[in-house]
Amino acid sequence: MKVGIGSDHAGYRLKKLLLPMLEKEGFELTDVGTYSEDSVDYPDFAVQVAKGVASGEYDRGVLICGTGLGMAISANKVSGIRAVTVHDTFSAEMARRHNNATVMTMGERVIGPGLAAEIVKVFLTTEFEGGRHQRRVDKMTEIERQNLDATC
Ligand code: RB5
């Protein structure tokens, strides 16, 4: 599975801890940055990962900032993306099984590294259930399509 991963300065340390663990699990990682704790702007990294997921370059995206919130808001601006902020394993599992979320975000200032690692693993290994959930996901996509039509 190809995973695009990114952070801002506030998520850099957590991302650095997660990278070797995810590599060991066999995920093919692309780290789009940032590569230090120098202050940067989270939308610059969210858009790279989200566009990579939307184009099929990555199967999933993982984004980390201070809270996970700015990353999720930014990623969800990219057409076709369903990004969720998750800080517990149940939500990570349901975001995949029911919502077919393809990008997850977390906050380094919210969560410890042990739980964060578990959450990412759950998110990356849980399949979408389809069925009645597909209909609901399709309705979300339709809202997006109508918004795009309204701007043309
Ligand atoms: C950076 O200070 C912080 O605002 C950012 O990492 C993130 O938490 C925004 O949502």
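Counting starts at 1 for both ligands and their atoms, following the listed order. Bear in mind the structure is a predicted one, so any value in this text is a computation, not a measurement. No hydrogens, no waters, no symmetry mates; every other heavy atom, side chains included, goes into these values.
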May I have the N/O to N/O pairs between ligand 1 and the protein that fall below 3.5 Å, each with atom names and distance to one decimal?
| from | atom 1 | to | atom 2 | distance (Å) |
| --- | --- | --- | --- | --- |
| ligand 1 | 2 (O) | Arg109 | NH1 | 3.4 |
| ligand 1 | 6 (O) | Asp8 | OD2 | 2.6 |
| ligand 1 | 6 (O) | Gly66 | N | 2.8 |
| ligand 1 | 8 (O) | Gly66 | N | 3.3 |
| ligand 1 | 8 (O) | Thr67 | N | 3.0 |
| ligand 1 | 8 (O) | Thr67 | OG1 | 3.1 |
| ligand 1 | 10 (O) | Thr67 | OG1 | 3.3 |
| ligand 1 | 10 (O) | Gly70 | N | 2.8 |

Legend entry - Shortest non-hydrogen contact between Val53 and Gly61, atoms and distance: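 Smallest interatomic distance, heavy atoms only, reads CG2-N, 3.7 Å.
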Inset, instruction - Among His133, Arg136, Glu93, find the one that has a side chain to side chain donor-acceptor pair (under 3.5 Å) with His98. - result: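 One option only clears the test, and that one is His133.
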Inset, instruction - Ignoring hydrogens and angles, state whether a donor on the side chain of Asp88 or Ser91 is under 3.5 Å from an acceptor on the partner side chain. - result: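 Indeed, the side chains of Asp88 and Ser91 share at least one donor-acceptor pair under 3.5 Å.
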Legend entry - Side-chain H-bond candidate by donor/acceptor type, Gln48 with Asp44, under 3.5 Å: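 Asp44 and Gln48 do not have a side-chain donor-acceptor pair below 3.5 Å.
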Inset, instruction - Please test Arg82 against Asn99 for side-chain contact (heavy atoms from CB on, under 4.5 Å), starting from the C-alpha separation and ending with a verdict. - result: CA-CA 8 Å; Arg82 289 179 296 279; Asn99 311 119; 5.5 Å; no
Inset, instruction - With sequence neighbours left out, write down each residue that passes salt bridge (charged side-chain N to carboxylate O under 4.0 Å, His left out) with Glu144, or none if nothing qualifies. - result: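 Glu144 satisfies salt bridge (charged side-chain N to carboxylate O under 4.0 Å, His left out) with no residue once adjacent residues are dropped.
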